[in-house]
Amino acid sequence: MWITVKAKDKAKKNPTWLLGILLAAHLVAISFNRVPNNPELWVFQKLFITLTTPGQSILTGAVNWVKGGINHYLSLKDARSDNEVLREQLNDRRIEILSLKEKLIELELGKDLNKWKSAYSYDGIDARVVGRDVNEMFGTIVIDKGSTSGISRNQPVIAGGGLVGRVIFTAPFASRVLLITDERHASGAVLVQTEGGRLIGLLKGTDNFHCNMQFIDPPGKVLNGEQVITSGQDGIYPAGLLLGRIRLTNPAGSVAPQVVIIEPAAPLDRLEKVTVLNIPPEKIRNISRELTNEEQMQESASDRNRRENRR
Amino acid sequence: MENTSRGTNLFIFGCLFAGVFLKTTLEQLVPVTPGIWLRHIDWLLLITVYIGLLRDPVRSLITGTVAGILYDSFSGGQAMGVNGLCYILAAFLTHRITALIVVDNLLIRFLAVSLASVTCSLTRLLFYRMLNIDLPVLADGGEAAQMVVFGLFANLIVSVVLYLFLDRIFKKDVGLRMRRSEARRRRL
(Lines give C-alpha, C1' and ligand atoms only; values in the text may rest on other atoms or scores of the structure.)
Protein backbone atom coordinates (compact mmCIF):
# COMPACT_ATOMS: atom_id res chain seq x y z
CA MET A 1 0.00 0.00 0.00
CA TRP A 2 1.43 3.38 -0.92
CA ILE A 3 0.17 5.09 2.24
CA THR A 4 1.14 3.16 5.37
CA VAL A 5 -1.50 2.27 7.98
CA LYS A 6 0.14 4.53 10.56
CA ALA A 7 0.26 7.48 8.19
CA LYS A 8 -3.33 6.80 7.15
CA ASP A 9 -4.54 6.85 10.74
CA LYS A 10 -2.64 10.08 11.35
CA ALA A 11 -4.13 11.60 8.22
CA LYS A 12 -7.64 10.53 9.20
CA LYS A 13 -7.29 12.27 12.56
CA ASN A 14 -5.79 15.40 11.06
CA PRO A 15 -5.96 15.53 7.25
CA THR A 16 -4.50 19.05 7.07
CA TRP A 17 -0.93 17.80 6.60
CA LEU A 18 -2.01 15.51 3.75
CA LEU A 19 -3.83 18.47 2.22
CA GLY A 20 -0.64 20.53 2.55
CA ILE A 21 1.48 17.88 0.84
CA LEU A 22 -1.01 17.41 -2.01
CA LEU A 23 -1.43 21.17 -2.52
CA ALA A 24 2.35 21.64 -2.62
CA ALA A 25 2.71 18.78 -5.14
CA HIS A 26 0.03 20.32 -7.34
CA LEU A 27 1.57 23.77 -7.16
CA VAL A 28 4.88 22.25 -8.31
CA ALA A 29 3.00 20.53 -11.17
CA ILE A 30 1.32 23.82 -12.10
CA SER A 31 4.65 25.65 -12.10
CA PHE A 32 5.90 23.19 -14.76
CA ASN A 33 3.29 24.67 -17.12
CA ARG A 34 5.36 27.84 -17.21
CA VAL A 35 8.75 26.24 -17.85
CA PRO A 36 10.36 28.26 -20.70
CA ASN A 37 11.57 26.49 -23.86
CA ASN A 38 9.66 23.34 -22.97
CA PRO A 39 6.06 23.67 -24.08
CA GLU A 40 5.70 19.90 -24.63
CA LEU A 41 4.96 18.90 -21.06
CA TRP A 42 1.86 16.94 -21.92
CA VAL A 43 3.26 13.58 -20.83
CA PHE A 44 0.10 12.53 -18.98
CA GLN A 45 -2.05 13.59 -21.89
CA LYS A 46 -0.01 11.51 -24.31
CA LEU A 47 -0.23 8.48 -22.03
CA PHE A 48 -3.94 8.79 -21.24
CA ILE A 49 -4.99 9.64 -24.78
CA THR A 50 -3.13 6.54 -26.06
CA LEU A 51 -4.54 4.28 -23.36
CA THR A 52 -8.13 5.47 -23.50
CA THR A 53 -8.70 6.03 -27.22
CA PRO A 54 -9.47 2.33 -27.98
CA GLY A 55 -12.05 2.26 -25.16
CA GLN A 56 -13.56 5.56 -26.25
CA SER A 57 -13.60 4.38 -29.85
CA ILE A 58 -15.50 1.19 -28.94
CA LEU A 59 -17.93 3.10 -26.73
CA THR A 60 -18.56 5.80 -29.36
CA GLY A 61 -19.01 3.16 -32.02
CA ALA A 62 -21.46 1.23 -29.85
CA VAL A 63 -23.48 4.33 -28.95
CA ASN A 64 -23.51 5.49 -32.57
CA TRP A 65 -24.61 2.03 -33.66
CA VAL A 66 -27.50 1.98 -31.20
CA LYS A 67 -28.41 5.60 -31.97
CA GLY A 68 -28.22 4.96 -35.71
CA GLY A 69 -30.35 1.83 -35.39
CA ILE A 70 -33.07 3.58 -33.40
CA ASN A 71 -33.08 6.60 -35.71
CA HIS A 72 -33.21 4.33 -38.72
CA TYR A 73 -36.34 2.58 -37.56
CA LEU A 74 -38.01 5.68 -36.22
CA SER A 75 -37.50 7.81 -39.28
CA LEU A 76 -38.27 6.88 -42.85
CA LYS A 77 -35.56 4.43 -43.77
CA ASP A 78 -35.09 5.29 -47.44
CA ALA A 79 -35.64 9.01 -47.05
CA ARG A 80 -32.92 9.17 -44.46
CA SER A 81 -30.29 7.34 -46.51
CA ASP A 82 -31.24 9.35 -49.62
CA ASN A 83 -30.92 12.53 -47.60
CA GLU A 84 -27.43 11.52 -46.49
CA VAL A 85 -26.34 10.83 -50.07
CA LEU A 86 -27.83 14.12 -51.29
CA ARG A 87 -26.18 16.02 -48.45
CA GLU A 88 -22.82 14.54 -49.38
CA GLN A 89 -23.38 15.46 -53.02
CA LEU A 90 -24.38 18.97 -52.01
CA ASN A 91 -21.20 19.34 -49.97
CA ASP A 92 -19.14 18.14 -52.95
CA ARG A 93 -20.88 20.64 -55.27
CA ARG A 94 -20.32 23.45 -52.76
CA ILE A 95 -16.63 22.64 -52.61
CA GLU A 96 -16.49 22.49 -56.40
CA ILE A 97 -18.23 25.87 -56.76
CA LEU A 98 -15.92 27.38 -54.15
CA SER A 99 -12.83 26.01 -55.92
CA LEU A 100 -14.08 27.30 -59.28
CA LYS A 101 -14.77 30.74 -57.83
CA GLU A 102 -11.27 30.86 -56.39
CA LYS A 103 -9.88 29.74 -59.75
CA LEU A 104 -11.84 32.47 -61.51
CA ILE A 105 -10.47 35.11 -59.17
CA GLU A 106 -6.92 33.85 -59.74
CA LEU A 107 -7.60 34.02 -63.47
CA GLU A 108 -8.95 37.57 -63.18
CA LEU A 109 -5.83 38.56 -61.26
CA GLY A 110 -3.77 37.19 -64.14
CA LYS A 111 -1.98 34.49 -62.18
CA ASP A 112 -0.55 31.26 -63.52
CA LEU A 113 -3.27 28.65 -63.06
CA ASN A 114 -0.81 25.77 -63.35
CA LYS A 115 0.65 26.76 -60.00
CA TRP A 116 -2.76 27.09 -58.33
CA LYS A 117 -4.10 24.19 -56.25
CA SER A 118 -7.47 23.92 -54.51
CA ALA A 119 -7.31 23.51 -50.75
CA TYR A 120 -9.58 20.49 -51.00
CA SER A 121 -7.40 18.67 -53.51
CA TYR A 122 -4.78 17.67 -50.91
CA ASP A 123 -4.65 14.06 -49.65
CA GLY A 124 -6.77 13.44 -46.61
CA ILE A 125 -6.57 11.02 -43.70
CA ASP A 126 -10.01 9.89 -42.56
CA ALA A 127 -10.49 9.64 -38.81
CA ARG A 128 -13.29 8.98 -36.35
CA VAL A 129 -14.15 11.39 -33.52
CA VAL A 130 -13.93 9.49 -30.23
CA GLY A 131 -14.21 12.19 -27.61
CA ARG A 132 -14.62 15.80 -26.64
CA ASP A 133 -12.76 17.97 -24.14
CA VAL A 134 -13.67 17.30 -20.53
CA ASN A 135 -13.37 21.03 -19.74
CA GLU A 136 -16.33 23.10 -20.95
CA MET A 137 -14.05 26.12 -21.45
CA PHE A 138 -12.00 24.40 -24.17
CA GLY A 139 -13.45 23.28 -27.50
CA THR A 140 -11.30 20.36 -28.58
CA ILE A 141 -12.05 16.87 -29.86
CA VAL A 142 -10.06 13.64 -29.91
CA ILE A 143 -9.72 11.62 -33.12
CA ASP A 144 -8.58 7.99 -33.42
CA LYS A 145 -5.63 8.63 -35.75
CA GLY A 146 -2.23 9.87 -34.60
CA SER A 147 1.37 10.34 -35.63
CA THR A 148 1.63 6.70 -36.81
CA SER A 149 -1.00 7.52 -39.48
CA GLY A 150 0.98 10.54 -40.64
CA ILE A 151 -0.84 13.23 -38.69
CA SER A 152 1.26 16.11 -37.44
CA ARG A 153 0.64 19.37 -35.61
CA ASN A 154 -1.23 22.25 -37.29
CA GLN A 155 -2.73 20.13 -40.07
CA PRO A 156 -6.22 21.37 -41.04
CA VAL A 157 -9.20 19.14 -40.29
CA ILE A 158 -12.40 19.23 -42.37
CA ALA A 159 -15.82 17.58 -42.25
CA GLY A 160 -18.93 17.97 -44.39
CA GLY A 161 -17.10 20.36 -46.68
CA GLY A 162 -16.30 22.83 -43.91
CA LEU A 163 -13.28 23.50 -41.73
CA VAL A 164 -13.41 21.83 -38.31
CA GLY A 165 -10.12 23.14 -36.89
CA ARG A 166 -6.49 22.12 -36.68
CA VAL A 167 -4.48 19.43 -34.96
CA ILE A 168 -2.83 20.78 -31.80
CA PHE A 169 -1.52 17.62 -30.20
CA THR A 170 -0.55 14.20 -31.50
CA ALA A 171 -0.01 10.88 -29.73
CA PRO A 172 0.91 7.68 -31.61
CA PHE A 173 -2.69 6.51 -32.06
CA ALA A 174 -4.79 9.61 -31.33
CA SER A 175 -4.75 13.36 -31.86
CA ARG A 176 -6.44 16.38 -30.36
CA VAL A 177 -8.09 18.92 -32.66
CA LEU A 178 -8.78 22.55 -31.73
CA LEU A 179 -12.23 23.47 -33.05
CA ILE A 180 -12.81 26.76 -34.87
CA THR A 181 -15.43 27.60 -32.22
CA ASP A 182 -12.85 27.45 -29.40
CA GLU A 183 -12.19 30.85 -27.87
CA ARG A 184 -8.44 30.38 -28.39
CA HIS A 185 -8.85 29.81 -32.13
CA ALA A 186 -8.40 32.55 -34.71
CA SER A 187 -7.76 32.51 -38.44
CA GLY A 188 -7.66 34.85 -41.39
CA ALA A 189 -10.99 34.89 -43.23
CA VAL A 190 -12.42 36.20 -46.48
CA LEU A 191 -16.10 37.05 -46.85
CA VAL A 192 -17.22 36.16 -50.37
CA GLN A 193 -20.00 38.64 -51.22
CA THR A 194 -22.90 37.61 -53.47
CA GLU A 195 -22.26 40.77 -55.48
CA GLY A 196 -18.76 39.55 -56.22
CA GLY A 197 -16.72 41.53 -53.72
CA ARG A 198 -14.38 40.12 -51.10
CA LEU A 199 -14.01 41.46 -47.57
CA ILE A 200 -11.07 40.46 -45.40
CA GLY A 201 -11.44 39.87 -41.67
CA LEU A 202 -10.52 37.76 -38.69
CA LEU A 203 -12.51 34.74 -37.57
CA LYS A 204 -12.59 34.03 -33.80
CA GLY A 205 -14.30 31.28 -31.85
CA THR A 206 -16.96 32.11 -29.28
CA ASP A 207 -17.26 28.70 -27.60
CA ASN A 208 -20.99 28.63 -28.30
CA PHE A 209 -21.08 26.55 -31.51
CA HIS A 210 -20.62 29.82 -33.45
CA CYS A 211 -17.77 32.06 -34.55
CA ASN A 212 -17.39 35.81 -34.89
CA MET A 213 -15.87 37.64 -37.82
CA GLN A 214 -14.13 40.82 -36.76
CA PHE A 215 -12.17 43.70 -38.29
CA ILE A 216 -13.96 43.43 -41.65
CA ASP A 217 -12.13 45.48 -44.23
CA PRO A 218 -13.36 47.34 -46.27
CA PRO A 219 -16.74 47.73 -44.56
CA GLY A 220 -19.29 46.63 -47.15
CA LYS A 221 -22.80 45.26 -47.34
CA VAL A 222 -23.22 41.71 -46.10
CA LEU A 223 -26.14 39.37 -46.68
CA ASN A 224 -27.49 36.43 -44.76
CA GLY A 225 -25.95 33.12 -45.89
CA GLU A 226 -22.89 34.59 -47.59
CA GLN A 227 -19.89 32.29 -47.41
CA VAL A 228 -16.73 32.85 -45.39
CA ILE A 229 -13.53 31.08 -46.45
CA THR A 230 -9.97 30.93 -45.15
CA SER A 231 -7.69 33.67 -46.47
CA GLY A 232 -4.48 31.64 -46.27
CA GLN A 233 -2.57 34.56 -44.80
CA ASP A 234 -2.37 33.14 -41.28
CA GLY A 235 0.21 30.55 -42.30
CA ILE A 236 -1.86 27.72 -40.83
CA TYR A 237 -4.70 27.05 -43.24
CA PRO A 238 -4.52 27.03 -47.03
CA ALA A 239 -6.71 29.61 -48.77
CA GLY A 240 -10.21 28.62 -49.88
CA LEU A 241 -11.42 26.28 -47.12
CA LEU A 242 -15.06 26.92 -46.28
CA LEU A 243 -15.42 28.26 -42.72
CA GLY A 244 -19.13 28.97 -42.56
CA ARG A 245 -21.99 31.24 -43.50
CA ILE A 246 -23.14 34.60 -42.20
CA ARG A 247 -26.07 34.59 -39.83
CA LEU A 248 -27.66 38.02 -39.56
CA THR A 249 -30.64 39.09 -37.53
CA ASN A 250 -31.67 41.35 -40.41
CA PRO A 251 -32.45 39.07 -43.41
CA ALA A 252 -32.35 42.00 -45.85
CA GLY A 253 -28.66 42.43 -45.14
CA SER A 254 -26.77 45.36 -43.70
CA VAL A 255 -23.47 47.20 -43.86
CA ALA A 256 -20.97 44.94 -42.11
CA PRO A 257 -21.14 45.66 -38.38
CA GLN A 258 -18.04 45.38 -36.22
CA VAL A 259 -18.77 41.74 -35.42
CA VAL A 260 -20.68 39.30 -37.66
CA ILE A 261 -21.90 35.92 -36.40
CA ILE A 262 -20.74 33.01 -38.54
CA GLU A 263 -22.40 29.62 -38.46
CA PRO A 264 -19.73 26.95 -39.07
CA ALA A 265 -20.19 24.93 -42.26
CA ALA A 266 -18.95 21.74 -40.59
CA PRO A 267 -21.48 20.06 -38.29
CA LEU A 268 -19.41 20.68 -35.14
CA ASP A 269 -22.16 19.64 -32.73
CA ARG A 270 -22.52 16.15 -34.21
CA LEU A 271 -19.11 15.27 -35.58
CA GLU A 272 -18.59 11.58 -36.24
CA LYS A 273 -16.02 11.44 -39.02
CA VAL A 274 -13.42 14.00 -40.07
CA THR A 275 -10.65 14.28 -42.66
CA VAL A 276 -7.20 15.57 -41.77
CA LEU A 277 -5.64 17.33 -44.77
CA ASN A 278 -2.11 16.14 -45.30
CA ILE A 279 -0.47 19.49 -46.09
CA PRO A 280 3.09 20.11 -44.96
CA PRO A 281 3.13 23.23 -42.72
CA GLU A 282 6.12 24.65 -44.62
CA LYS A 283 4.07 24.67 -47.80
CA ILE A 284 1.26 26.70 -46.19
CA ARG A 285 3.81 29.09 -44.71
CA ASN A 286 5.37 29.62 -48.15
CA ILE A 287 1.95 30.29 -49.71
CA SER A 288 1.15 32.69 -46.88
CA ARG A 289 4.46 34.51 -47.43
CA GLU A 290 3.68 34.81 -51.14
CA LEU A 291 0.22 36.17 -50.37
CA THR A 292 1.61 38.72 -47.92
CA ASN A 293 4.25 39.83 -50.43
CA GLU A 294 1.57 40.19 -53.11
CA GLU A 295 -0.59 42.23 -50.76
CA GLN A 296 2.34 44.48 -49.89
CA MET A 297 3.10 44.96 -53.58
CA GLN A 298 -0.54 45.80 -54.28
CA GLU A 299 -0.57 48.28 -51.38
CA SER A 300 2.60 50.00 -52.54
CA ALA A 301 1.22 50.14 -56.10
CA SER A 302 -2.02 51.74 -54.90
CA ASP A 303 0.02 54.21 -52.78
CA ARG A 304 2.02 55.13 -55.85
CA ASN A 305 -1.16 55.62 -57.85
CA ARG A 306 -2.62 57.82 -55.14
CA ARG A 307 0.51 59.97 -55.05
CA GLU A 308 0.49 60.31 -58.84
CA ASN A 309 -3.20 61.25 -58.80
CA ARG A 310 -2.50 63.96 -56.22
CA ARG A 311 0.24 65.42 -58.43
CA MET B 1 -11.72 -5.37 5.79
CA GLU B 2 -8.77 -4.91 3.44
CA ASN B 3 -10.76 -6.48 0.59
CA THR B 4 -13.76 -4.25 1.27
CA SER B 5 -11.53 -1.18 1.20
CA ARG B 6 -9.91 -2.33 -2.04
CA GLY B 7 -13.32 -2.98 -3.54
CA THR B 8 -14.48 0.52 -2.59
CA ASN B 9 -11.33 2.02 -4.13
CA LEU B 10 -11.99 0.11 -7.33
CA PHE B 11 -15.59 1.33 -7.33
CA ILE B 12 -14.41 4.92 -6.89
CA PHE B 13 -11.92 4.57 -9.73
CA GLY B 14 -14.62 3.02 -11.90
CA CYS B 15 -16.99 5.90 -11.11
CA LEU B 16 -14.29 8.47 -11.98
CA PHE B 17 -13.63 6.77 -15.31
CA ALA B 18 -17.36 6.56 -15.99
CA GLY B 19 -17.58 10.31 -15.24
CA VAL B 20 -14.81 11.09 -17.72
CA PHE B 21 -16.38 8.90 -20.42
CA LEU B 22 -19.74 10.52 -19.79
CA LYS B 23 -18.22 13.95 -20.27
CA THR B 24 -15.94 13.24 -23.22
CA THR B 25 -17.85 10.63 -25.20
CA LEU B 26 -21.56 10.69 -24.48
CA GLU B 27 -22.08 14.44 -24.40
CA GLN B 28 -21.05 14.84 -28.03
CA LEU B 29 -23.81 12.44 -29.06
CA VAL B 30 -26.53 14.52 -27.42
CA PRO B 31 -28.33 17.18 -29.54
CA VAL B 32 -27.01 20.75 -29.27
CA THR B 33 -29.40 22.46 -26.84
CA PRO B 34 -29.32 19.92 -23.99
CA GLY B 35 -25.65 19.37 -24.84
CA ILE B 36 -24.84 22.99 -23.89
CA TRP B 37 -26.42 22.43 -20.45
CA LEU B 38 -24.74 19.07 -20.00
CA ARG B 39 -21.37 20.73 -20.53
CA HIS B 40 -21.70 22.55 -17.21
CA ILE B 41 -22.04 19.36 -15.16
CA ASP B 42 -18.80 18.47 -13.41
CA TRP B 43 -19.19 14.71 -12.88
CA LEU B 44 -15.73 14.32 -11.35
CA LEU B 45 -16.40 17.05 -8.79
CA LEU B 46 -19.71 15.44 -7.84
CA ILE B 47 -18.00 12.08 -7.29
CA THR B 48 -15.23 13.73 -5.25
CA VAL B 49 -17.81 15.49 -3.07
CA TYR B 50 -19.74 12.24 -2.60
CA ILE B 51 -16.60 10.45 -1.42
CA GLY B 52 -15.98 13.41 0.90
CA LEU B 53 -19.47 12.91 2.33
CA LEU B 54 -18.50 9.32 3.23
CA ARG B 55 -16.41 10.87 6.04
CA ASP B 56 -13.05 9.39 5.06
CA PRO B 57 -10.73 12.41 4.53
CA VAL B 58 -7.76 10.43 3.18
CA ARG B 59 -9.87 8.65 0.58
CA SER B 60 -11.63 11.87 -0.47
CA LEU B 61 -8.33 13.77 -0.88
CA ILE B 62 -6.82 10.92 -2.91
CA THR B 63 -10.03 10.76 -4.99
CA GLY B 64 -9.69 14.52 -5.62
CA THR B 65 -6.10 14.03 -6.78
CA VAL B 66 -6.98 11.16 -9.14
CA ALA B 67 -9.99 13.10 -10.46
CA GLY B 68 -7.74 16.10 -11.14
CA ILE B 69 -5.16 14.01 -12.99
CA LEU B 70 -7.92 12.45 -15.10
CA TYR B 71 -9.49 15.84 -15.84
CA ASP B 72 -6.22 17.44 -16.89
CA SER B 73 -5.25 14.44 -18.99
CA PHE B 74 -8.52 14.51 -20.92
CA SER B 75 -8.46 18.27 -21.39
CA GLY B 76 -6.75 20.14 -24.20
CA GLY B 77 -5.91 23.10 -22.00
CA GLN B 78 -2.28 23.53 -21.05
CA ALA B 79 -2.81 23.68 -17.30
CA MET B 80 -1.68 20.44 -15.71
CA GLY B 81 -2.37 20.32 -11.99
CA VAL B 82 -4.95 23.11 -11.78
CA ASN B 83 -7.97 20.85 -11.64
CA GLY B 84 -6.32 18.48 -9.16
CA LEU B 85 -5.83 21.46 -6.88
CA CYS B 86 -9.49 22.48 -7.32
CA TYR B 87 -10.77 18.98 -6.51
CA ILE B 88 -8.49 18.65 -3.47
CA LEU B 89 -9.86 21.93 -2.13
CA ALA B 90 -13.41 20.69 -2.82
CA ALA B 91 -12.69 17.40 -1.03
CA PHE B 92 -11.20 19.19 1.98
CA LEU B 93 -14.12 21.60 2.13
CA THR B 94 -16.56 18.68 2.11
CA HIS B 95 -14.55 17.01 4.86
CA ARG B 96 -14.75 20.19 6.95
CA ILE B 97 -18.52 20.38 6.45
CA THR B 98 -19.03 16.73 7.44
CA ALA B 99 -16.74 17.22 10.43
CA LEU B 100 -18.70 20.25 11.65
CA ILE B 101 -22.21 19.03 10.85
CA VAL B 102 -22.94 15.53 12.05
CA VAL B 103 -26.28 14.92 10.35
CA ASP B 104 -26.45 13.65 6.79
CA ASN B 105 -29.37 14.75 4.66
CA LEU B 106 -30.18 16.36 1.33
CA LEU B 107 -29.58 19.90 2.62
CA ILE B 108 -26.06 19.05 3.79
CA ARG B 109 -25.38 17.46 0.42
CA PHE B 110 -26.65 20.61 -1.32
CA LEU B 111 -24.45 22.77 0.90
CA ALA B 112 -21.38 20.62 0.20
CA VAL B 113 -22.01 20.55 -3.57
CA SER B 114 -22.67 24.32 -3.71
CA LEU B 115 -19.53 25.26 -1.79
CA ALA B 116 -17.38 22.76 -3.67
CA SER B 117 -18.75 23.85 -7.07
CA VAL B 118 -18.22 27.57 -6.47
CA THR B 119 -14.75 27.06 -4.93
CA CYS B 120 -13.73 24.78 -7.76
CA SER B 121 -14.92 27.16 -10.51
CA LEU B 122 -13.34 30.22 -8.91
CA THR B 123 -10.00 28.48 -8.24
CA ARG B 124 -9.93 27.17 -11.81
CA LEU B 125 -10.59 30.64 -13.26
CA LEU B 126 -8.00 32.21 -10.95
CA PHE B 127 -5.28 29.77 -11.97
CA TYR B 128 -6.15 30.01 -15.68
CA ARG B 129 -5.75 33.76 -15.33
CA MET B 130 -2.47 33.39 -13.48
CA LEU B 131 -1.17 31.03 -16.18
CA ASN B 132 -2.16 33.59 -18.86
CA ILE B 133 -4.39 31.12 -20.71
CA ASP B 134 -6.09 33.14 -23.42
CA LEU B 135 -9.80 32.79 -22.64
CA PRO B 136 -12.27 35.64 -23.21
CA VAL B 137 -14.35 34.33 -20.30
CA LEU B 138 -11.53 35.51 -18.02
CA ALA B 139 -11.66 39.02 -19.42
CA ASP B 140 -15.40 39.41 -18.93
CA GLY B 141 -16.59 39.30 -15.32
CA GLY B 142 -20.22 38.77 -16.38
CA GLU B 143 -19.38 35.72 -18.45
CA ALA B 144 -17.24 34.26 -15.66
CA ALA B 145 -20.07 34.76 -13.15
CA GLN B 146 -22.53 33.18 -15.58
CA MET B 147 -20.27 30.16 -15.91
CA VAL B 148 -19.97 29.76 -12.13
CA VAL B 149 -23.75 30.06 -11.62
CA PHE B 150 -24.63 27.69 -14.49
CA GLY B 151 -22.14 25.15 -13.16
CA LEU B 152 -23.57 25.47 -9.66
CA PHE B 153 -27.17 24.86 -10.73
CA ALA B 154 -26.29 22.04 -13.13
CA ASN B 155 -24.27 20.29 -10.41
CA LEU B 156 -26.99 20.75 -7.79
CA ILE B 157 -29.72 19.31 -10.02
CA VAL B 158 -27.65 16.34 -11.15
CA SER B 159 -26.32 15.62 -7.64
CA VAL B 160 -29.83 14.63 -6.43
CA VAL B 161 -30.13 11.79 -8.93
CA LEU B 162 -26.44 10.86 -9.04
CA TYR B 163 -26.13 10.57 -5.25
CA LEU B 164 -29.19 8.32 -5.07
CA PHE B 165 -27.46 6.08 -7.61
CA LEU B 166 -24.12 6.25 -5.77
CA ASP B 167 -25.88 5.44 -2.46
CA ARG B 168 -26.87 2.14 -4.03
CA ILE B 169 -23.32 1.41 -5.21
CA PHE B 170 -21.64 2.35 -1.92
CA LYS B 171 -24.25 0.65 0.27
CA LYS B 172 -21.71 -0.64 2.80
CA ASP B 173 -20.06 2.74 3.11
CA VAL B 174 -23.39 4.48 3.60
CA GLY B 175 -24.06 2.15 6.56
CA LEU B 176 -20.59 2.85 7.92
CA ARG B 177 -21.11 6.58 7.54
CA MET B 178 -24.45 6.41 9.35
CA ARG B 179 -22.88 4.43 12.20
CA ARG B 180 -20.02 6.94 12.42
CA SER B 181 -22.34 9.94 12.55
CA GLU B 182 -24.55 8.17 15.12
CA ALA B 183 -21.51 7.38 17.30
CA ARG B 184 -20.32 10.96 17.07
CA ARG B 185 -23.77 12.26 17.99
CA ARG B 186 -23.81 10.01 21.08
CA ARG B 187 -20.32 11.15 22.06
CA LEU B 188 -21.45 14.76 21.83
Side-chain angles (χ1 to χ4, degrees), chain A residues 1 3 7-8 11-12 14-16 18-19 22-23 25-34 39 41-45 47-49 52 55-56 59-60 63-64 67 129-142 168-169 176-178 182-184 204 206-209 269-271, chain B residues 2 17 19-21 23-32 35-36 39-44 56-58 60-62 64-65 68-85 88-89 91-92 95 124-125 127-128 130-138 147 150-151:
Chain A
M1 196 67 194
I3 296 180
K8 212 173 177 181
K12 269 183 188 171
N14 184 16
T16 321
L18 181 62
L19 174 81
L22 289 174
L23 283 182
H26 276 85
L27 285 172
V28 171
I30 292 166
S31 68
F32 274 114
N33 289 298
R34 309 301 298 162
L41 278 165
W42 296 9
V43 187
F44 276 117
Q45 284 212 5
L47 187 75
F48 273 88
I49 218 172
T52 55
Q56 276 185 301
L59 198 72
T60 313
V63 174
N64 277 335
K67 205 174 112 181
V129 178
V130 293
R132 268 188 187 271
D133 203 309
V134 74
N135 193 333
E136 74 270 18
M137 279 190 264
F138 303 119
T140 63
I141 53 165
V142 178
I168 53 163
F169 173 78
R176 195 174 278 282
V177 177
L178 183 76
D182 187 290
E183 289 174 314
R184 295 167 296 165
K204 275 218 83 172
T206 60
D207 204 25
N208 202 14
F209 295 112
D269 55 317
R270 45 175 199 284
L271 280 174
Chain B
E2 179 95 349
F17 253 100
V20 169
F21 273 112
K23 187 97 180 162
T24 57
T25 314
L26 292 184
E27 272 180 27
Q28 64 162 334
L29 304 168
V30 179
V32 188
I36 289 172
R39 290 169 75 192
H40 291 287
I41 304 167
D42 197 336
W43 299 99
L44 294 177
D56 186 343
V58 177
S60 72
L61 286 172
I62 301 296
T65 311
I69 292 169
L70 281 176
Y71 195 106
D72 287 329
S73 309
F74 280 93
S75 169
Q78 296 151 287
M80 288 297 289
V82 171
N83 291 291
L85 194 111
I88 287 169
L89 285 177
F92 188 72
H95 161 69
R124 196 177 289 156
L125 289 174
F127 271 91
Y128 283 165
M130 275 164 61
L131 289 169
N132 280 336
I133 292 178
D134 181 27
L135 286 171
V137 73
L138 299 173
M147 214 192 73
F150 277 2

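In what follows, chains are A, B, ... by sequence order, proteins preceding strands, each numbered from 1.
- Atoms CG and OG1, on A:L18 and B:T65 in that order, are 7.5 Å from each other to the nearest 0.5 Å.
- Note on B:G151, B:G81, B:A91: by heavy-atom pairs under 4.5 Å with chain A, the leading option is B:G81.
- Residues A:L23 and B:I88 approach most closely at CD2-CG2, 4.2 Å, considering heavy atoms.
- If you take CG on B:N83 and NE2 on A:H26, they are separated by 9.0 Å, rounding to the nearest 0.5 Å.
- With rounding to the nearest 0.5 Å, the separation of CG in A:L19 from CG in B:L89 is 6.5 Å.
- In this view, B:F150 and B:W37, B:H40, B:Q146 satisfy the side chain to side chain contact (heavy atoms under 4.5 Å, CB included) rule, not counting sequence neighbours.
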